[in-house]
Amino acid sequence: MNVAILDTTIEIDETLIAESPAEIRAQIREYERGERRSFDLHIDIPEGVTGDVMTAMLEIPYGETRSYGDLATDLETIPVAVGGACARNPVPLIVPCHRVVGSDGGLRGYSAADGVATKRRLLDLEARERGTEPVQTRFPAER
């Protein structure tokens, strides 16, 4: 299913979520309005590295980031494996892969529409709703 948020569209595999598409959309609208900081949805997490990374991403607090290296260290793997798992995340936004950044703060990619521009908008939304400064990240070309 495609969901509209922040002037873009994000594709979400709703077959992995127990709740109805209407409930998924309602929670995403609440998130976009700043009324929700986490999703109350039951997700079928796959096994293996992708599932391990998805579980770790669910632990990243709203408005914060972790690096690919941080997650790799926690999961006893390598940053490239974490990046690959982020790219395979079938439920972006709901499992917040936008909160994973490069060790230098660079935005390395985002599998949803408009890529890193969407990732930046999601991070900025969370910072604004938390009442904090935007997370200091940059696009790789800004080094």
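No more than 12 heavy atoms of other residues, nucleotides or ligands shown are found within 6.0 angstrom of CD on Glu76.
In this structure, CD in Glu129 is found 11.5 Å from CG in Asp124, a value given to the nearest 0.5 Å. Between the CZ atom in Arg66 and the OG1 atom in Thr73 there is a gap of 12.5 Å [rounded to 0.5 Å]. Taken to the nearest 0.5 Å, the CD atom of Glu59 stands 12.0 Å off from the CD atom of Glu64. Annotation: the span from Thr118 atom OG1 to Leu123 atom CG amounts to 11.0 Å, rounded to 0.5 Å. Between atom CG of residue Leu41 and atom CG of residue Leu16 there is a gap of 12.0 Å, rounded to the nearest 0.5 Å.
Each side chain to side chain donor-acceptor pair (under 3.5 Å) pair with one or both residues in residues 41-50, not counting sequence neighbours, appears once here: Glu19-His42, Thr50-Arg88.
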Note to self: Phe39 vs Ile28, test: side-chain contact (heavy atoms from CB on, under 4.5 Å). Steps then yes/no.
What the structure shows: CA-CA 8 Å; Phe39 296 96; Ile28 289 172; 3.8 Å; yes

Item checked: Worked verdict on Leu58 versus Ile45 for side-chain contact (heavy atoms from CB on, under 4.5 Å) -> CA-CA 11 Å; Leu58 286 167; Ile45 303 287; 4.2 Å; yes

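At least one side-chain heavy atom of Ile24 sits less than 4.5 Å from a side-chain heavy atom of Ile94. Counting only heavy atoms from C-beta outward, the side chains of Gln27 and Ser38 never approach each other to under 4.5 Å.
Partner Glu14 forms a side chain to side chain contact (heavy atoms under 4.5 Å, CB included) with one of Met1, Glu23, Arg25 and no other, that one being Met1. Here the options are Met54, Met57, Lys119, the test is side chain to side chain contact (heavy atoms under 4.5 Å, CB included), and the partner is Cys97; only Met57 passes.
A donor-acceptor pair shorter than 3.5 Å can be found between the side chains of Ser67 and Asp70.
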In a table with atom names and distances, give each donor-acceptor pair under 3.5 Å that connects a side chain of residues 3-13 to protein atoms at least two apart or in another chain.
| unit_1 | atom_1 | unit_2 | atom_2 | d |
| --- | --- | --- | --- | --- |
| Thr8 | OG1 | Asp114 | OD2 | 2.7 |
| Asp13 | OD1 | Thr15 | N | 3.0 |
| Asp13 | OD1 | Thr15 | OG1 | 2.4 |
| Asp13 | OD2 | Thr15 | OG1 | 3.4 |

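Using modelled atom types, no side-chain atom of Arg37 and backbone atom of Gly63 make a donor-acceptor pair closer than 3.5 Å. The main-chain N or O of Ala56 is never found under 3.5 Å from a side-chain atom of Asp74 such that the two would form a donor-acceptor pair.
Listed here is the closest heavy atom pair of Leu93 and Tyr31: CD1-CE2, 3.5 Å. Nearest heavy-atom pair, Cys86 versus Tyr68, reported as atom, atom and distance to 0.1 Å: SG-CE2, 4.1 Å. Contact detail for Pro90 and Pro92: the closest heavy-atom pair is C-CD, 3.4 Å.
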